Amino acid sequence: MLLDLSGKKALVTGIANNRSIAWGIARQLHLAGAELGVTYLPDEKGRFEAKVRELTAPLNPGLFLPMDVQNPDQMQAVFQQLESQWGQLDILVHCLAFANKADLAGDFSATTAQGFRTALEISAYSLTSLCHLAKPLFSQGASVITLTYLGSERAVPNYNVMGLAKAALEASVRYLAAELGPEKQVRVNAISAGPIRTLASSAVGGILEMIHHVEEKAPLRRTVTQQEVGNTAAFLASPLASGISGQVLYVDGGYCITGL
Ligand code: 0WD
C-alpha cells in the first residue's frame with residue numbers, strides 16, 4: 001500500500017460528533033492502519049463522552065481521555081497516559097477551535113478582551129501547549145497537523161476574532177516547524193479547509209451563504225468533505241509528505257485562488 005500508517009500512534013483531538021472534521025481524519029488514519037488515541041471535551045453531564053465513545057468505538061481507540069485545552073492538569077494527564085501506554089507519538093492532530101458566539105457575527109470592533117483571549121487561547125495557543133507536552137514523545141519523522149481557514153488572511157464576513165486566532169495558529173505552525181524539525185525531523189503543517197457544516201461552523205454567522213458562495217465560485221464548484229480533509233491529513237501524516245513542513249495546505253476545492 002502506498003499510504004501505510006500501520007504501527008503509527010496517532011492522537012486525535014476535536015471529535016464532537018459524526019460531522020466533525022476530526023472524525024473524518026480519525027477514520028482515514030484508521031483506514032491507513034494507524035492506532036488511535038482520542039480525546040474529547042468533557043462536559044458536566046458526560047454527554048459528550050458517551051457520544052464520542054460510541055462514535056469512535058468501531059475504530060478501537062487505544063486511548064480515550066477527556067481533555068479541555070484550558071485545563072493544564074487534563075492535558076498533562078493525557079500525555080502521561082500516552083507515555084506509559086505508547087512511549088512515543090507519531091501523529092498529533094489538533095482539530096479544535098472556539099470563540100464566543102457573540103464574537104462570530106456583527107462588528108469586529110466590538111470584540112471584547114475576554115472574547116479575544118478565549119478565542120486565541122483555545123484555538124491557537126493550544127497547539128503550542130500540545131506540542132510542548134508532546135515534544136519528548138515525538139518519534140523520528142512525527143507529524144503534527146492542525147486545521148485552519150481562509151479567514152486568517154481575508155476579512156471573511158462574521159469570522160471576525162476567529163480570523164485572528166487562525167492567523168496566530170498559522171504563525172505558530174511556522175515557529176513550531178522551525179523548532180521541531182532539526183532534531184527529529186518532526187513536521188508541522190496546517191490544512192486550510194473550505195467551509196463544511198459542523199457544530200463549530202454553525203456558530204459562525206451566515207455559514208450557509210458562505211457554503212453556497214463556494215459552490216458557485218470554487219473551481220471545483222463544490223465544497224469539500226470531511227473525508228477529503230481526512231485523506232489530506234493521512235497524506236501529511238505519512239512519509240509521502242516527508243519533505244513538507246511549516247505549510248498551510250488548502251483543501252477547499254480551489255476557492256482560495258478565485259477573485260471571488
Ligand atoms: O467549515 C468548517 N467546519 C471549518 C473548520 C473550515 C476550516 C477549518 N475548520 C477548523 C475549525 O476551526 C477547527 O479548528 O476545523 C477544526 C474542527 O472544527 P469542526 O470539525 O468544524 O467543528 P466541531 O465538530 O464542532 O469540532 C470542534 C471541537 C469542539 O466542538 P464544539 O462545537 O462543541 O465546541 O473542538 C473541541 C470540541 O470538541 N473544543 C475543545 N476541545 C478541547 N478543549 C475545546 C476545548 N477548550 N473547545 C472546543
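Computed from a predicted model, the values in this text were never measured in an experiment. Each ligand, and each atom within it, is numbered from 1 in the order the structure gives.
At least one donor-acceptor pair closer than 3.5 Å links the side chain of R187 to the backbone N or O of A241. Of the possible polar contacts, none joining the S20 side chain to the W23 backbone as a donor-acceptor pair under 3.5 Å is found. Without hydrogens or angle criteria, E216 side chain to V214 main chain gives no donor-acceptor distance under 3.5 Å. A donor-acceptor pair under 3.5 Å is absent between the side-chain atoms of D252 and the main chain of G194, judged by distance alone. Not a single donor-acceptor pair under 3.5 Å links the side chain of N100 to the backbone N or O of D103. In this structure, the side chain of Q85 engages the main chain of G62 through a donor-acceptor pair within 3.5 Å. Under a 3.5 Å cut-off, the side chain of T13 and the backbone N or O of V93 do form a donor-acceptor pair.
In this structure, Y255 has its ring center at least 6.0 angstrom away from the ring center of Y250.
Within the structure, the closest approach of K166 to ligand 1 falls below 4.0 Å when heavy atoms are considered. Residue contacts with ligand 1 do not include R19, since none of its heavy atoms lies under 4.0 Å from the ligand. Taking 4.0 Å as the cut-off, G194 counts as a neighbour of ligand 1 on heavy-atom distance.
Closest to atom 13 (C) of ligand 1, if we only count protein heavy atoms, is A97 CB, 3.7 Å. Counting protein heavy atoms only, atom 5 (C) of ligand 1 is closest to I21 CD1, 3.5 Å. With respect to atom 30 (O) of ligand 1, the closest heavy atom belonging to the protein is A16 CB, 3.7 Å. In terms of protein heavy atoms, atom 31 (P) of ligand 1 is closest to L199 CD2, 4.0 Å. Of the protein's non-hydrogen atoms, L96 CB, 3.7 Å is the one closest to atom 36 (C) of ligand 1. Nearest to atom 26 (O) of ligand 1 among the protein's heavy atoms is G14 O, 3.4 Å. Ranking the protein heavy atoms by distance from atom 25 (O) of ligand 1 puts A200 N, 2.9 Å first.
No more than 12 heavy-atom neighbours from other residues, nucleotides or ligands sit within 6.0 angstrom of CZ on R197.
To the nearest 0.5 Å, the span separating CG on L127 from OG1 on T148 amounts to 10.5 Å.
Residue-level proximity to ligand 1 for I122 is carried by the side chain, the only part with a heavy atom below 4.0 angstrom. Residue-level proximity to ligand 1 for L41 is carried by the side chain, the only part with a heavy atom below 4.0 angstrom. Heavy atoms of F48 found under 4.0 angstrom from ligand 1 belong exclusively to the side chain. Contact annotation for T39 and ligand 1: no heavy atom of the residue comes within less than 4.0 Å of the ligand. With a heavy-atom cut-off of 4.0 Å, V69 touches ligand 1 through backbone and side chain alike.
Atom 7 (C) of ligand 1 has its nearest heavy-atom neighbour, among T148, L147, T223, in T148.
Looking at I196 next to ligand 1, an N or O pair under 3.5 Å apart turns up.
Listed by atom number, the atoms of ligand 1 under 4.0 Å from P195 heavy atoms are 1 (O). Atoms of ligand 1 found under 4.0 Å from any heavy atom of M67 (numbered from 1 in listed order, with element): 42 (C), 43 (N). Each of the atoms 20 (O), 23 (P), 24 (O) of ligand 1 lies under 4.0 Å from some heavy atom of S20. Short contacts between ligand 1 and C95, defined as distances under 4.0 Å to a heavy atom of the residue, involve ligand atoms 16 (C), 17 (C). Those atoms of ligand 1 with a heavy atom of T198 less than 4.0 angstrom away are 3 (N), 19 (P), 20 (O), 21 (O), 22 (O). Atom numbering of ligand 1 starts at 1 in the shown order; those under 4.0 Å from a heavy atom of D68 are 42 (C), 43 (N), 45 (C), 46 (N).
In the model, Q74 has no side-chain atom that pairs as donor or acceptor with a side-chain atom of D68 under 3.5 Å. Counting only N and O atoms by type, the side chains of Q114 and T118 include a donor and acceptor under 3.5 Å apart. In summary, the side chains of S109 and D107 do not present any donor paired with an acceptor at a separation below 3.5 Å, with no hydrogens or angles considered.
At least one side-chain heavy atom of I196 sits less than 4.5 Å from a side-chain heavy atom of Q226.
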